[in-house]
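Notes follow the structure.
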Amino acid sequence: MTTKTFKHMLTLEELTPTDLDELIRLAIDVKRHPDAYGTALAGKKVALLFEKASTRTRISFEVGVVELGGYPLFLSGSDLQIGRGEPITDTIRVMSRYVDALMIRTYAHETVETLATAGSISIINGLTDTHHPCQVLADLLTIEETFGTRQGKVLTYIGDGNNMAHSLMLGGALSGMHIRVASPDGYTVDETIYNQAVALAETTGGSVTRYDDPAEATVGAHVVYTDVFASMGQEAEAETRLAHFASFQVDETLMASARDEAIFLHCLPAHRGEEVTADVMDGPQSFVFDQAENRLHAQKALMITLLA
């Protein structure tokens, strides 16, 4: 069992390196011995609120709560009174009297911050436009399983400076990893979050560096990571983005710049032929489906830590 020092999971910044190590160790044990945790959330109710469409987040959280002996409540934003204008502060005050935690997948990051401040229960960020911490917990678990450690490993993220890039910088910095982010001009990561990650990496022996050349960023990498070039809500920009990101596709030539033992990761859904070629996505270096499975185990470890 972990020693909890945090109440919410909003950005990964809530964690110390020790917190993260304990979460990863617990996730590995949960994965190996799921039956040992079958009553960890007995009597606990976890609300799962979706204002954005979801496959992996919904299934992994819903299944995870059930496998831990708890009760999940799937909620759609359009079905609640917040869809008709009720202040979210009122919603979370009421919800705090009914359930033990809320996982929310939404748009503005300020929403999860407001929920954490106004409510009395644990808030888990299932995704906002700025951060995707639960995905990165699964990513770090995958890296730990593959290489036996995260410390000192080089992860190159290629693509949009979006929520995935932000959370990878923070999670990698906490892990003592060397994070390289390669993005085209005009699509770089948030400056404030970048500076936070750089400062954090200085305390763990890691580093965070920005690049404008994906080939240079990939040399010697243990992990090559990408995401869609146009995320949810950016569909109108898709054609323009594809043009700007044309030279940032992960293909076999780019993978050849990484280490021989390098793995390819993608948070999914993937668009073969856009951000990644099919031969990489479906090739022997691709660990994307192990990574997707690890959402379940990492999030179970997180919920055990917050609620058990």
Side-chain angles (χ1 to χ4, degrees), residues 6 8-15 23 27 46-65 72-80 82-83 88 91-92 95 101-116 119 121-142 157 159-172 181 189-190 193 197 225-235 237 265-271 275 288 291-303 306:
F6 56 99
H8 308 291
M9 175 55 66
L10 305 184
T11 67
L12 291 173
E13 288 183 273
E14 302 87 353
L15 305 180
L23 270 174
V46 181
L48 309 173
L49 175 54
F50 291 86
E51 295 187 309
K52 277 190 173 184
S54 171
T55 297
R56 281 150 291 276
T57 299
R58 176 176 177 179
I59 296 171
S60 58
F61 266 107
E62 198 160 347
V63 170
V65 175
L73 294 89
F74 171 77
L75 306 170
S76 168
S78 61
D79 294 335
L80 300 181
I82 55 173
I88 199 164
T91 300
I92 191 60
M95 198 176 287
L102 167 66
M103 189 290 302
I104 181 170
R105 184 175 170 94
T106 188
Y107 294 89
H109 189 74
E110 292 77 9
T111 298
V112 297
E113 294 175 334
T114 299
L115 290 167
I121 57 176
S122 291
I123 305 299
I124 299 172
N125 174 9
L127 176 140
T128 65
D129 289 342
T130 312
H131 293 278
H132 199 355
C134 290
Q135 175 65 56
V136 171
L137 289 178
D139 301 340
L140 297 176
L141 172 58
T142 306
Y157 172 87
D160 191 18
N162 60 11
N163 50 8
M164 276 310 318
H166 296 155
S167 290
L168 284 167
M169 290 193 304
L170 293 170
V181 179
V189 293
D190 179 88
I193 298 172
Y225 199 122
T226 193
D227 189 11
V228 295
F229 292 152
S231 299
M232 282 181 289
Q234 298 173 335
E235 289 81 5
E237 306 172 31
L265 297 180
H266 192 307
C267 55
L268 302 181
H271 296 161
E275 74 274 8
V288 297
Q291 175 191 9
E293 179 193 334
N294 279 338
R295 289 290 301 274
L296 173 65
H297 311 301
Q299 289 161 186
K300 286 169 75 172
L302 175 61
M303 291 188 288
L306 292 175

| By ring-ring contact (aromatic ring centres under 6.0 Å, His included), which residues pair with F229, not counting sequence neighbours? |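 Partners of F229 by the ring-ring contact (aromatic ring centres under 6.0 Å, His included) criterion, ordered by chain and then number, come out as F245.
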
| request: Check whether any side-chain heavy atom of D160 lies under 4.5 Å from a side-chain heavy atom of D227, and answer yes or no. | output: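 Answer no - side chains too far apart.
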
| Got L306 and L302 here, is their nearest side-chain heavy-atom distance under 4.5 Å? |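 A side-chain contact under 4.5 Å exists here.
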
Apply side chain to side chain donor-acceptor pair (under 3.5 Å) to [X] and list each qualifying residue two or more places apart in sequence or on a separate chain.
| X | answer |
| --- | --- |
| T91 | E86 |
| E13 | none |
| E110 | none |
| T142 | N294 |

Spacing of [X] atom [atom1] and [Y] atom [atom2] [to the nearest 0.5 Å]:
| X | Y | atom1 | atom2 | result |
| --- | --- | --- | --- | --- |
| L80 | M95 | CG | CE | 6.0 Å |
| R58 | M103 | CZ | CE | 10.0 Å |
| L49 | I123 | CG | CD1 | 9.5 Å |
| L296 | E62 | CG | CD | 12.0 Å |
| K300 | L137 | NZ | CG | 15.0 Å |
| L127 | F50 | CG | CZ | 10.0 Å |

| said: I'd like to know whether I92 forms a side-chain contact (heavy atoms from CB on, under 4.5 Å) with I121, so could you lay out the CA-CA distance, the side-chain angles of the two residues, the decisive distance to 0.1 Å, and finally the verdict. | reply: CA-CA 9 Å; I92 191 60; I121 57 176; 4.0 Å; yes

Nearest heavy atoms of [X] and [Y], plus distance in Å:
| X | Y | value |
| --- | --- | --- |
| M169 | V181 | CG-CG2, 3.9 Å |
| D129 | A108 | OD2-N, 4.3 Å |
| T57 | H132 | OG1-CE1, 4.4 Å |
| P72 | L48 | CB-CD1, 4.0 Å |
| C134 | I124 | SG-CG2, 3.6 Å |
| E14 | F6 | O-CB, 3.9 Å |

| said: Can you list everything that forms a salt bridge (charged side-chain N to carboxylate O under 4.0 Å, His left out) with R56? Sequence neighbours excluded, please. | reply: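 By the salt bridge (charged side-chain N to carboxylate O under 4.0 Å, His left out) rule, R56 matches no residue at all.
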
| task | Name all residues meeting the salt bridge (charged side-chain N to carboxylate O under 4.0 Å, His left out) criterion together with E113; count only those two or more places apart in sequence or in a different chain, and write none if there are none. | result |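 Salt bridge (charged side-chain N to carboxylate O under 4.0 Å, His left out) check on E113 returns nothing, list empty.
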
| message | Between Q291 (side chain only) and H266 (backbone N and O only), is there a donor and an acceptor less than 3.5 Å apart? | response |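 At least one qualifying donor-acceptor pair exists.
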
| request: Answer yes or no: is there a donor N or O on one side and an acceptor on the other, between the side chain of N162 and the main chain of A165, under 3.5 Å? | output: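 Yes, the answer is positive, given that a donor and an acceptor are paired below the 3.5 Å cut-off.
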
| message | Can you confirm whether the side chains of Q299 and S60 place a donor and an acceptor under 3.5 Å from each other? | response |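 The answer is yes; a qualifying pair exists.
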
| With T128, which residues qualify under side chain to side chain contact (heavy atoms under 4.5 Å, CB included), at least two apart? |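 T128 satisfies side chain to side chain contact (heavy atoms under 4.5 Å, CB included) with T106, H109, V112, N125, T130, H131 once adjacent residues are dropped.
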
| side chain to side chain contact (heavy atoms under 4.5 Å, CB included) partners of V136, counting only residues at least two apart |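 Expected list: L12, D139, L140, M164, S167, L168.
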
